[in-house]
Amino acid sequence: MIYHDSKVLLEVRGLRATVNGIEILKGIDLTVRSGEVHAIMGTNGSGKSTLAKVLAGHDAYEVTGGSVLFQGSNLLDLAPEERARAGVFLAFQYPIEIPGVANSHFLRLAYNTLQAQRGEEELDPLEFEDFVREKMKLLEMNPDFLDRGVNEGFSGGEKKRNEILQMALLEPRLAILDETDSGLDIDALRIVTKGVNQLASQDNAIVLVTHYQRMLNYIEPDFVHVMRAGRIIKTGGKELALDLEMRGYDWVGVEHRAAVEA
Amino acid sequence: MSAVLQNLVNQPYKHGFVTEIESDVAPKGLNEDIIRLISTKKNEPEWLLDFRLKAYEQWLKMEEPKWPNVRYPAIDFQAISYYAAPKPKQKLNSMDEVDPELLRTFEKLGVPMHERAALAGVAVDVIFDSVSVATTYKQKLAEVGIIFCSISEAVHAHPALVKQYLGTVVPVGDNYYAALNSAVFTDGTFCFIPKGVQCPMDLSTYFRINTEESGQFERTLIIAEEGASVSYLEGCTAPKFDTNELHAAVVELVALDNADIKYSTVQNWYAGDENGLGGIYNFVTKRGLAKGTNSRISWTQVETGSAITWKYPSCVLQGENSVGEFYSVAVTNNYQQADTGTKMVHIGKNTRSTIVSKGISAGHSNNSYRGLVRIAPTAAGARNYSQCDSMLIGDKCGAHTFPYIQVRNNSAKVEHEASTSKIGEDQLFYFAQRGIGNEEAVSMIINGFCKDVFQQLPMEFAVEATKLLGFKLEGSVG
């Protein structure tokens with residue numbers, strides 16, 4: 001939701017990044033304010049997921065130009081774990097399995113690390129158990145998930161719910177959801193998006209990276225950006241997503257080229 | 001991030017100090033005279049000298065095994081000293097008389113001896129080079145009829161028992177290194193749990209190689225009579241030398257009807273430096289005979305040290321319904337090489353075995369699992385389950401699995417599962433994205449990977465093993 005006078009949370013200017021020497025991001029500009037929901041759409045290979053990973057600090061990607069300010073300070077100076085502790089959260093497109101490490105142990109460690117960072121009280125295993133069970137209700141998750149290995153043997157939908165559970169626990173300022181809708185059936189999509197909506201507030205912002213408009217039926221974006229070949233080539237309101245759903249992505253490219261040539 | 005990984009896996013060896021104690025060292029080389037010298041020094045009975053000479057005769061005819069997946073220059077067996085004993089200043093009657101220098105060494109190693117032994121509830125038979133210098137708790141154990149002493153002592157105090165069992169599980173000519181050990185073994189541990197006795201505490205031996213260019217050839221014999229049970233812990237460290245020391249031990253376990261032996265090892269022999277210089281050659285034969293009905297033998301090992309490891313703790317499941325278990329974590333780093341695994345030989349009906357092996361390779365190391373499951377024609381209804389998982393850290397190390405399965409009975413069931421995984425940047429990134437730093441992440445991943453094995457270790461050992469992997473792979477854990 002767009003709030004009057006809300007603060008700028010994320011300011012991306014001319015961001016360029018390469019992987020293995022190949023330039024993927026070719027100058028991204030994006031401003032996200034508190035309370036807003038942004039959707040970044042585009043075809044495969046347009047650089048959407050790369051943008052998400054670069055913001056989170058994955059070091060397979062090299063930033064070759066531009067700047068990123070997060071709450072006024074240089075995000076690019078921070079290590080990935082420092083970005084997380086500063087309030088940047090990435091819900092992974094392909095959450096990683098960590099066999100043998102109990103989900104509850106992992107979640108508690110992540111939670112307590114952030115609590116320590118904020119100068120807040122850490123929870124012991126019993127206190128945390130009560131706390132996390134409440135959060136799990138939001139996502140209609142079975143408490144059994146706590147005892148299983150992190151994402152170990154989880155179905156695609158279970159993994160995505162586990163990601164949003166982490167978002168619920170960590171209460172990030174900026175949540176980047178990388179294709180959280182992919183691999184979800186319609187019921188799971190409804191549950192996951194309901195969870196995200198409940199977490200959205202005036203103090204945080206959400207950036208959804210997605211191919212399809214269907215997720216946007218549940219989470220209403222304030223802005224829709226279309227990416228193509230490493231750039232944002234069009235920005236509009238939620239109606240843009242509906243246009244894309246009906247007409248595909250090609251016309252945006254054609255329009256963009258025409259504008260560039262004119 | 002690979003630089004980070006490298007720092008995490010390259011922790012210095014903490015036990016690499018030499019203790020300045022005058023040693024009684026035999027001249028280098030191996031021949032009948034040396035064997036007679038050892039036997040005389042130890043004041044041994046004639047039958048034991050014969051045992052040694054027979055082994056030596058067999059050894060001369062044998063060749064070093066070439067099949068393990070390890071590479072090393074030929075060992076000059078004539079350049080090794082086969083007997084090294086700390087010269088005691090006087091005869092030892094109690095722990096208070098033990099050379100304080102020696103005690104300080106063990107203190108540095110964190111061995112729970114002396115008062116600490118009482119607190120920890122661990123009885124320790126300490127082997128320093130080749131001679132057992134102190135045995136705690138012997139008295140308390142003797143009250144329930146348990147014999148726990150050095151094997152040299154047992155040869156004199158309980159000759160009939162030693163003679164009855166020595167070499168029955170690992171015959172003198174079993175393999176090259178077992179034959180060598182049988183010829184020159186200098187000390188080791190003897191443990192006898194009589195019928196119906198549950199050993200009231202974990203028994204423990206701490207081995208340590210101290211003298212440069214000396215081999216350590218210890219011999220362990222554990223017997224659990226009908227209905228008896230015992231848990232035995234073995235820990236090993238060695239000081240740092242640029243040369244390679246040979247360690248060729250033999251461990252024999254015998255379990256009679258309904259007896260239960262659990263043998264746990266944490267091995268942290270010096271592994272050589274980051275360029276592969278120095279380190280222990282650990283060529284060990286360990287075998288348990290589950291002789292009686294419903295008997296059980298369980299091996300748990302955490303192998304983190306040694307330049308080269310060649311070790312296959314095995315179970316011969318002779319008694320009906322007997323059970324064999326092997327739980328192993330083998331960690332290699334730098335230029336370490338490990339070829340380790342187990343043999344489960346099913347002879348009796350309805351015998352069952354479980355193998356869980358976890359190999360972790362880092363640096364330029366090479367880590368092989370080699371395991372044999374043999375179901376004899378007599379082993380109707382036998383079952384085996386094997387699981388072999390490998391984890392790679394970095395891209396210059398190797399992991400290999402060599403399973404051998406021989407089934408000669410149609411009613412047997414054998415299952416084998418294997419996996420290989422890699423601690424990759426993506427895993428570390430996932431942790432980092434949740435605010436968890438690399439060190440803690442590696443520690444969690446490794447401990448998760450090894451969980452099935454660590455759960456088998458007695459409590460104090462599990463803590464030690466977790467710490468050791470911490471030192472070895474992550475840095476500040478513990």
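Each chain gets a letter, A, B and so on, in the order its sequence line appears, and its residues count up from 1. This one's a predicted model, so the numbers in the text were calculated from it and none came from an experiment. Values reported hereafter were calculated over all heavy atoms of this structure, with side chains retained and with hydrogens, waters and symmetry mates removed.
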Members of [range] whose heavy atoms come closer than 4.5 Å to chain B:
| range | answer |
| --- | --- |
| residues 147-169 of chain A | A:Val150, A:Asn151, A:Glu163, A:Gln166 |
| residues 49-56 of chain A | A:Lys53, A:Ala56 |
| residues 95-114 of chain A | A:Pro95, A:Ile96, A:Glu97, A:Ile98, A:Pro99, A:Gly100, A:Val101, A:His105, A:Phe106, A:Leu109, A:Ala110, A:Thr113, A:Leu114 |

| task | Provide the closest heavy-atom pair for A:Ala84 versus B:Ala432 in the form atom of the first, atom of the second, distance. | result |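 Heavy atoms of A:Ala84 and B:Ala432 come nearest at CB-O, 3.5 Å.
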Requested in this report: Taking all heavy atoms of A:Val88 and all of B:Gln433, pick out the closest pair and write down the distance.
Outcome: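 In terms of heavy atoms, the two residues are closest at O-NE2, 3.0 Å.
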- Query: Under 6.0 Å from the CZ atom of A:Phe131, do we count more than 12 heavy atoms belonging to anything else shown?
  - Reply: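 Yes, because the 6.0 Å sphere around CZ of A:Phe131 holds more than 12 heavy atoms from other groups.
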* If you draw a 6.0 Å radius around CG in A:Asn20, do more than 12 non-hydrogen atoms from other residues or ligands fall strictly inside? ->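 It does not: A:Asn20 CG has 12 such atoms or fewer within range.
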Review point. Would you say the side-chain atoms of A:Glu81 pair up with the backbone N or O of B:Gly437, donor to acceptor, closer than 3.5 Å?
Key: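 Judged by distance alone, no pair lies under 3.5 Å.
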| What part of A:Phe89 lies closer than 4.5 angstrom to a heavy atom of chain B: side chain, backbone, both or neither? |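 Both backbone and side chain.
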Using non-hydrogen atoms and a 4.5 Å limit, figure out which bit of B:Tyr430 sits close to chain A: side chain, backbone, both or neither.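 Both parts, heavy atoms under 4.5 Å.
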Exercise. For residues 85-96 of chain A, pull every pair meeting salt bridge (charged side-chain N to carboxylate O under 4.0 Å, His left out), keeping only residues two or more places apart or in separate chains.
Key: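 Every candidate salt bridge (charged side-chain N to carboxylate O under 4.0 Å, His left out) pair involving residues 85-96 of chain A fails, so no pair, neighbours aside, qualifies.
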